[in-house]
Amino acid sequence: MEVDEAKEDFGDFTLPCFSLAKEMKKNPALIAKEIAEKLKDEYFEKIEAVGPYVNFWINAKKLAELTLKEILSEELFKFPKKENIIVEHTSANPTGPLHVGRTRNSIIGDSLARIMRKYGYNVEVQYFVNDVGKQVATLLWGIKNIKIEEENVRGDYRYVPYYQAAYRELEKNPKIEEAIQEIIWKYERGDEELRKIAKKYVGSVLKGIEESLKNINIHFDNFVWESSLVNKAREVADSLKEYLKEDNGAFYIDLKELGVEGKERLYLFRRDGTTLYPLRDIAYHLIKGEKARKNVDVLGEDHKLHFQAIKKIVKILNKDIELDALFYSFVNLPEGKMSTRRGKVVYLDDLLKETEARVRDIIKDRGYKEDEIEKITRVIAVGAIRFHILNVQEEKPMTFRWEDALNFEGESAPFIQYTHARATSILQKADWDGEYSIESISHPQEIKLLKLMAKYPSMVENAAERLSPYVMARYAYALASQFNQFYRDCPVLNSEENVRNARLAIVKAFKKLIKDVLELLGIEAPEKM
RNA sequence: GGGCGCGUGGCCUAGCAUGGAUAGGGCGCUGGCCUUCUAAGUCAGUGGUCGCGGGUUCGAAUCCCGCCGCGCCCGCCA
């Protein structure tokens, strides 16, 4: 028999009796009534038939006792240790500053890594630095051939004009393509001069990207440069010999033969013998597979077909590797697609700046001390940005609108952070020895909040198994919203002592839990707002 | 043309994997609530052909088929 979660006001669990009715050829309402009369269990305080449903009410005291005990002793936050896993995210071409579209990848990836870590995996976060391909070659060509007045700004902003200018030149004069191909060819063969300038400029752009992400609480354990695995790529190609087919000097794999639909050929080598991205990506995943059997890539929806193909090939070469991907859709602007090349972008740094300005404007009359302002501004702005992105299911497209991003009411991080600050404030004002009695818990809002808190482990499990950080974002909001109900209806400090102590325990548990959940989203929980 | 994804009030969005009881939230707009723990809060009102059509089922936003709209991919780019 399957029991479902019930809707509000219909208990905690429910058993619809329709299928039983069919089997037994009896009225479902009658069956429900019979079942309800027969069942008795200490974990349920009420079992009742309502029409064709049997509704179960959980024993609230027992649940309250367990939930409080487990949260306050950290027991609820423990998950069994699991194996190694590598989460790869961002991996943006280092040709310019990070824009908001790309940032969706970073924020989702970073939160996923946090969730996986909490769930018990030993997580390593990697950034695959694409320094070999055409984009970077185009940047290098621009740096060598175009004269631009350099501004004294961070690397990603300093060099992106070369990239944009090079693309403009390329569109005007397709012959430049050959020069760019030559750069690729030389670079792959380890040309000293090129490697040196690549290291300097690409490294500098990358530093800028890293800096931007650090500002919103995103860090990497490892940057793997694509150029470092050209040799591995050739080894891989050797192992794939029986699948390789030639076309005019270039080599490809027949995807139809592998059962991949939507594309016929996956080219691995150019006619000039240089490797192509798919081959290097396969090599990369095999190397990752040596470190961690489990791998998750956070990828834009444009990579779906590519991923399908390389997953298949990686599987041929090492069947133990378990490779999954979390796909997300692009962030658009109201006027259309973002594009670094055409300069139609909102950069992450500008978003952060604007968001911070908005926060400052709101808090200017709230009596913060000078030295507190910067800290709290950053915490709230970062939270607002991260939550705004995480609150939308990954696969859904989203349109970036300033008015929405800068709205700190309703479904937003500041709303959630605010509940944490409220809880903190109550605890700070209370003179409490930590003792409480379950017997004093009875208010419906207390019970509702505790029931929601009890779902924490299943929420983490769900988010981890489904590779969906947004599950945690929804949960964070639900918790905060429920806490506000409790806050409204259940005075803590002014209640009779036993009730007060029980409520203090609930507030303390909530504070711990919401802080933990926010941390899984990469959002800090301020003590004061 | 083929493959994949998305389509829920004016706008954003949950629910779809595992079909069930009046489709949850938020923004916006209108009107209330600070002599009680932080009003970034809260309450009420407003607003819905769950893209369209068919099918399966006692029951479909959810599953199946067809269609329409939008996005992405189908490169010796990455």
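Keep in mind that the numbers below use all heavy atoms, side chains included, and drop hydrogens, waters and symmetry copies. As the structure is a computational prediction, the values presented were derived from the model and not from experiment. In what follows, chains are A, B, ... by sequence order, proteins preceding strands, each numbered from 1.
At the heavy-atom level, A:Cys17 lies nowhere under 4.0 Å from the strands shown. Looking at heavy-atom distances under 4.0 Å, A:Glu527 makes contact with a base. Residue A:Gln485 is classed as a sugar-phosphate contact, given heavy-atom separations below 4.0 Å to backbone atoms only. Residue A:Arg265 is classed as having no contact, given no heavy-atom separation below 4.0 Å to the nucleic acid. Base engagement by A:Arg474 is indicated by at least one non-hydrogen atom pair under 4.0 Å involving a base atom. Base engagement by A:Lys134 is indicated by at least one non-hydrogen atom pair under 4.0 Å involving a base atom. As judged by a 4.0 angstrom heavy-atom cut-off over every strand, A:Pro491 is placed among the base-contacting residues. Among the heavy atoms of the strands lying under 4.0 Å from A:Asn55 is at least one base atom, whether or not backbone atoms are also near. In this structure, A:Tyr477 reaches the sugar-phosphate backbone alone: every heavy-atom distance under 4.0 Å involves primed, P, OP1 or OP2 atoms, never a base. Residue contacts shown for A:Asn391 are absent, as no nucleic acid heavy atom lies under 4.0 Å away.
Nucleotide B:rC70 is matched to B:rG5 when pairs are restricted to Watson-Crick or G-U wobble geometry with both distances under 3.5 angstrom. B:rC16 is unpaired under the Watson-Crick or G-U wobble criterion, no partner having all donor-acceptor distances under 3.5 Å. Nucleotide B:rU30 forms a Watson-Crick or G-U wobble pair with B:rA44, both donor-acceptor distances falling under 3.5 Å. Taking a pair to require two hydrogen-bonding distances under 3.5 Å in either a Watson-Crick or a G-U wobble arrangement, B:rU56 remains unpaired.
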Tell me which donor-acceptor pairs under 3.5 Å the side chains of residues 396-413 of chain A have, and how far apart each pair is, sequence neighbours excluded?
{"from": "A:Asn407", "atom 1": "OD1", "to": "A:Glu409", "atom 2": "N", "distance (Å)": "2.9"}
{"from": "A:Glu411", "atom 1": "OE1", "to": "A:Asn391", "atom 2": "ND2", "distance (Å)": "3.2"}
{"from": "A:Ser412", "atom 1": "OG", "to": "A:Phe408", "atom 2": "O", "distance (Å)": "3.1"}
{"from": "A:Ser412", "atom 1": "OG", "to": "A:Phe415", "atom 2": "N", "distance (Å)": "3.4"}

Could you list the donor-acceptor pairs under 3.5 angstrom formed between side-chain atoms of residues 16-27 of chain A and any protein atom two or more places apart in sequence or on another chain?
{"from": "A:Lys26", "atom 1": "NZ", "to": "A:Glu34", "atom 2": "OE1", "distance (Å)": "3.4"}
{"from": "A:Asn27", "atom 1": "OD1", "to": "A:Ala29", "atom 2": "N", "distance (Å)": "2.8"}

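The existence of a salt bridge linking A:Glu372 and A:Arg366 is excluded, since no basic side-chain nitrogen approaches an acidic carboxylate oxygen closer than 4.0 Å.
By the 6.0 Å and 45° rule, A:Arg265 stacks over the aromatic ring of A:Tyr252. Geometrically, A:Lys455 does not engage A:Tyr475 in a cation-pi contact, judged by NZ or CZ lying under 6.0 Å from the ring centre and within 45° of the ring axis.
Under 3.5 Å, the side chain of A:Arg366 and the base of B:rA40 form at least one donor-acceptor pair of N or O atoms.
One C1' atom belongs to B:rA60, the other to B:rC50, and the distance between them is 11 Å to the nearest Å.
Only A:Asn407, A:Phe408, A:Glu409, A:Gly410, A:Glu411, A:Pro414, listed by number, bring a heavy atom of residues 402-414 of chain A to less than 4.0 angstrom from any atom of RNA chain B. Residues from residues 98-105 of chain A placing a heavy atom under 4.0 Å of any atom in RNA chain B do not occur.
Scanning for side chain to side chain contact (heavy atoms under 4.5 Å, CB included) contacts around A:Glu356 gives A:Leu352, A:Arg360, A:Thr377, A:Arg378, A:Ala381, with sequence neighbours left out.
Residue whose closest nucleotide on RNA chain B sits further toward the 5' end, between A:Gly133 and A:Val392: A:Val392. If you find the closest nucleotide of RNA chain B to A:Arg271 and to A:Ala480, the one lying nearer the 5' end belongs to A:Ala480.
One finds the CG atom of A:Asp281 at 12.0 Å from the CG atom of A:Leu276 (value rounded to the nearest 0.5 Å).
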Would you tabulate the pairs of protein nitrogen or oxygen atoms and nucleotide nitrogen or oxygen atoms of nucleotides 56-60 of chain B closer than 3.5 angstrom?
{"from": "B:rC58", "atom 1": "OP1", "to": "A:Lys22", "atom 2": "NZ", "distance (Å)": "3.0"}

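Within the 3.5 Å criterion, the main-chain N or O of A:Val136 finds no donor-acceptor partner in the side chain of A:Thr95.
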